[in-house]
Protein chains: 2
Amino acid sequence: MYERKILPNLNCGLDLIGEVLYGKWKLRLLWFIHEGYKRPSELQRKIPDASRRVLNIQLNELEAHELVEKKIYPVVPPKVEYSLTEFGQTLIPIISAMGNWGDEYEERLREVILKQL
Amino acid sequence: MYERKILPNLNCGLDLIGEVLYGKWKLRLLWFIHEGYKRPSELQRKIPDASRRVLNIQLNELEAHELVEKKIYPVVPPKVEYSLTEFGQTLIPIISAMGNWGDEYEERLREVILKQL
DNA sequence: ACAATAGGGGAAAAATTTCTCCCTATGCCA
DNA sequence: TGGCATAGGGAGAAATTTTTCCCCTATTGT
């Protein structure tokens with residue numbers, strides 16, 4: 001486990017939300033779980049560019065932050081399902097708005113992002 | 001300048017918005033500029049935990065992504081003012097919603113964030 | 001002459017995040 | 001028997017981001 005050497009800033013609301021959403025794949029993880037992709041392997045298939053390892057780590061963080069819940073079925077092969085907590089649900093409108101914004105300005109965004117490599 | 005070795009994912013709206021908002025201080029930079037703190041030194045005072053260097057770097061990125069505009073006054077000592085572009089303005093409702101969410105759940109967030117160090 | 005001001009950037013170090021590789025375990029199927 | 005699927009975690013490397021330190025501009029005031 002990595003130990004932070006610099007404490008996070010928790011001064012304002014933006015700091016706080018940043019702390020739980022900051023992570024390369026977290027927005028999409030939350031979104032896909034919200035869409036009903038519950039099992040780790042499904043999520044990995046939805047986000048093939050992420051390594052399996054980081055997805056696990058970020059799922060653990062989301063769980064520690066009480067945004068998602070994990071249900072482990074004691075079967076073999078193992079079965080695990082994630083779902084949004086009530087708390088996690090409250091983020092959905094925001095994530096949805098973010099996705100919509102990105103979709104709305106897709107072309108422009110692609111352009112400015114690629115322009116600066 | 002750092003050269004990416006891994007290309008960013010630009011598959012969906014969430015990827016795209018992530019690409020322009022991902023950066024430790026960007027949300028707050030945009031927010032403070034929106035609130036009228038325009039000069040680099042003002043922004044640095046508003047965000048004292050960030051090093052001056054990164055703020056410059058992230059401001060440059062926001063500018064490259066056309067979210068903010070930079071006006072340089074040819075005077076001595078130098079004077080620079082940032083402002084949101086029209087495009088940048090369109091993000092304000094989202095950033096505002098994010099800040100509100102963080103404020104609303106401030107206590108709970110502080111708790112879960114600190115619990116896992 | 002020298003400090004203060006305001007803005008900016010290079011280089012290298014430190015911090016952090018993400019990736020790769022390898023190992024665990026069980027049951028099903030060819 | 002060998003290989004696949006499912007889930008997860010450790011170690012260490014690689015990639016990326018952020019910090020630290022130092023230097024440069026030009027004018028005004030001491």
Side-chain angles (χ1 to χ4, degrees), chain A residues 1-9 15 18-29 33 37-64 68-82 113 116-117, chain B residues 1-9 15 18-29 33 37-65 68-83 113 116-117:
Chain A
M1 213 21 173
Y2 177 77
E3 294 244 358
R4 275 173 183 281
K5 294 184 182 161
I6 294 177
L7 289 181
N9 296 88
D15 285 340
E19 199 57 34
V20 299
L21 289 187
Y22 206 66
K24 193 165 175 183
W25 316 98
K26 286 191 181 175
L27 285 175
R28 263 164 297 168
L29 281 173
I33 291 171
Y37 300 91
K38 302 174 164 306
R39 303 185 63 181
S41 52
E42 292 177 310
L43 293 166
Q44 281 154 21
R45 275 190 290 273
K46 294 298 285 182
I47 314 180
D49 294 311
S51 67
R52 196 167 14 142
R53 190 75 175 90
V54 203
L55 288 189
N56 285 335
I57 291 171
Q58 303 206 342
L59 283 167
N60 287 342
E61 289 172 1
L62 292 174
E63 193 191 4
V68 304
E69 269 169 349
K70 178 178 187 172
K71 194 165 289 174
I72 301 177
Y73 297 86
V75 297
V76 162
K79 177 174 176 180
V80 166
E81 282 186 351
Y82 286 95
I113 290 167
Q116 44 111 238
L117 281 199
Chain B
M1 223 358 186
Y2 178 75
E3 295 244 355
R4 275 174 183 281
K5 292 183 181 163
I6 294 177
L7 289 181
N9 296 88
D15 286 340
E19 199 57 34
V20 299
L21 290 187
Y22 206 67
K24 192 165 174 183
W25 316 98
K26 285 190 182 174
L27 285 175
R28 262 164 296 168
L29 281 173
I33 291 172
Y37 299 91
K38 301 175 165 307
R39 303 185 63 179
S41 51
E42 292 177 310
L43 293 166
Q44 282 154 20
R45 275 191 290 275
K46 294 298 284 182
I47 314 180
D49 293 312
S51 66
R52 198 166 14 139
R53 191 73 175 90
V54 204
L55 289 189
N56 285 335
I57 291 171
Q58 303 205 343
L59 283 167
N60 287 343
E61 289 173 2
L62 291 174
E63 193 191 4
H65 291 151
V68 304
E69 269 169 348
K70 179 177 187 173
K71 193 164 291 173
I72 301 177
Y73 297 86
V75 296
V76 162
K79 176 172 177 180
V80 167
E81 283 186 349
Y82 286 96
S83 56
I113 290 167
Q116 45 108 240
L117 282 197

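To find a chain, count down the sequence lines: A is the first, B the second, and so on, and within it residues start at 1. The structure displayed is predicted, hence computed values, not measured ones. Side-chain atoms are counted along with the backbone in the values below, which use heavy atoms only and exclude waters and symmetry mates.
With D/dT17, D/dC21, D/dG8 as the choices, the nucleotide that has an atom nearest any side-chain atom of B/Arg53 turns out to be D/dC21. Residue B/Val76 places its side chain closer to D/dT27 than to any other of C/dA11, D/dG8, D/dT27. For B/Lys70, the side-chain atoms get nearest to C/dG8 when compared with the rest of D/dT18, C/dG8, D/dG8. Nearest to the side chain of B/Ile6, among D/dT20, C/dT16, D/dT16, sits D/dT16. Across C/dA15, C/dT5, D/dA15, the shortest atom-to-atom separation from the side chain of B/Lys5 is found for D/dA15. Here D/dT19 is the nucleotide among D/dT6, C/dG8, D/dT19 with the atom lying nearest to any side-chain atom of B/Trp25. With C/dG9, D/dG8, C/dT18 as the candidates, the nucleotide lying closest to the side chain of A/Asn56 is D/dG8. The side chain of A/Arg45 approaches D/dT6 more closely than any other nucleotide in the set D/dT16, C/dG8, D/dT6. When distances run from any side-chain atom of B/Ser41 to the nucleotides C/dG7, D/dT16, D/dT17, the shortest one goes to C/dG7.
Between A/Glu3 atom CD and A/Lys5 atom NZ the span is 9.5 Å, to the nearest 0.5 Å. Atom CG of B/Leu29 is separated from atom CG of B/Leu21 by 11.0 Å, given to the nearest 0.5 angstrom. If you take CD on B/Glu63 and CD on A/Gln116, they are separated by 11.0 Å, rounding to the nearest 0.5 Å. Distance CZ/A/Arg52 to CG/A/Leu43: 13.5 Å, rounded to 0.5 Å.
Using a 4.0 Å heavy-atom criterion, one finds that B/Arg52 contacts the bases of the nucleic acid, with or without backbone contacts as well. Among the heavy atoms of the strands lying under 4.0 Å from B/Val54 is at least one base atom, whether or not backbone atoms are also near. Residue contacts for A/Tyr22: at a heavy-atom cut-off of 4.0 Å it reaches the sugar-phosphate backbone alone, with no base atom in range.
Ring centroids of B/Tyr37 and B/Tyr82 are separated by 6.0 Å or more, keeping the two rings apart.
Toward the 5' end of DNA chain C, the nearer of the two residues A/Ala50 and B/Tyr82, judged by each one's closest nucleotide, is B/Tyr82.
For the pair A/Asn60 and D/dG9, the criterion of a side-chain N or O lying under 4.0 Å from OP1 or OP2 is met. In this structure, B/Arg39 does not reach the C/dA6 phosphate: none of its side-chain N or O atoms is under 4.0 Å from OP1 or OP2.
Look at CD on A/Glu61: it is 12 Å from P on D/dG9, rounded to the nearest Å. For the pair A/Glu63 CD and D/dG9 P, the interatomic distance rounds to 10 Å; values are reported in whole Å. Residue A/Ile57 contributes atom CD1, which lies 8 Å from atom C1' of C/dT18 at whole-angstrom precision. For B/Tyr2 and C/dG10, the OH to P distance is 17 Å, given to the nearest whole Å. When rounded to the nearest whole Å, the span between NZ of B/Lys38 and C1' of C/dA6 equals 18 Å. Separating the CG atom of A/Leu7 from the P atom of C/dA14 is a distance of 19 Å, rounded to the nearest angstrom. The CD-C1' distance, from A/Gln58 to C/dT18, rounds to 8 Å in whole Å. The interatomic distance linking B/Ile47 (CD1) with D/dT18 (P) rounds to 12 Å, in whole Å.
Looking only at side-chain heavy atoms (C-beta outward), A/Gln44 and A/Asn56 come within less than 4.5 Å of each other.
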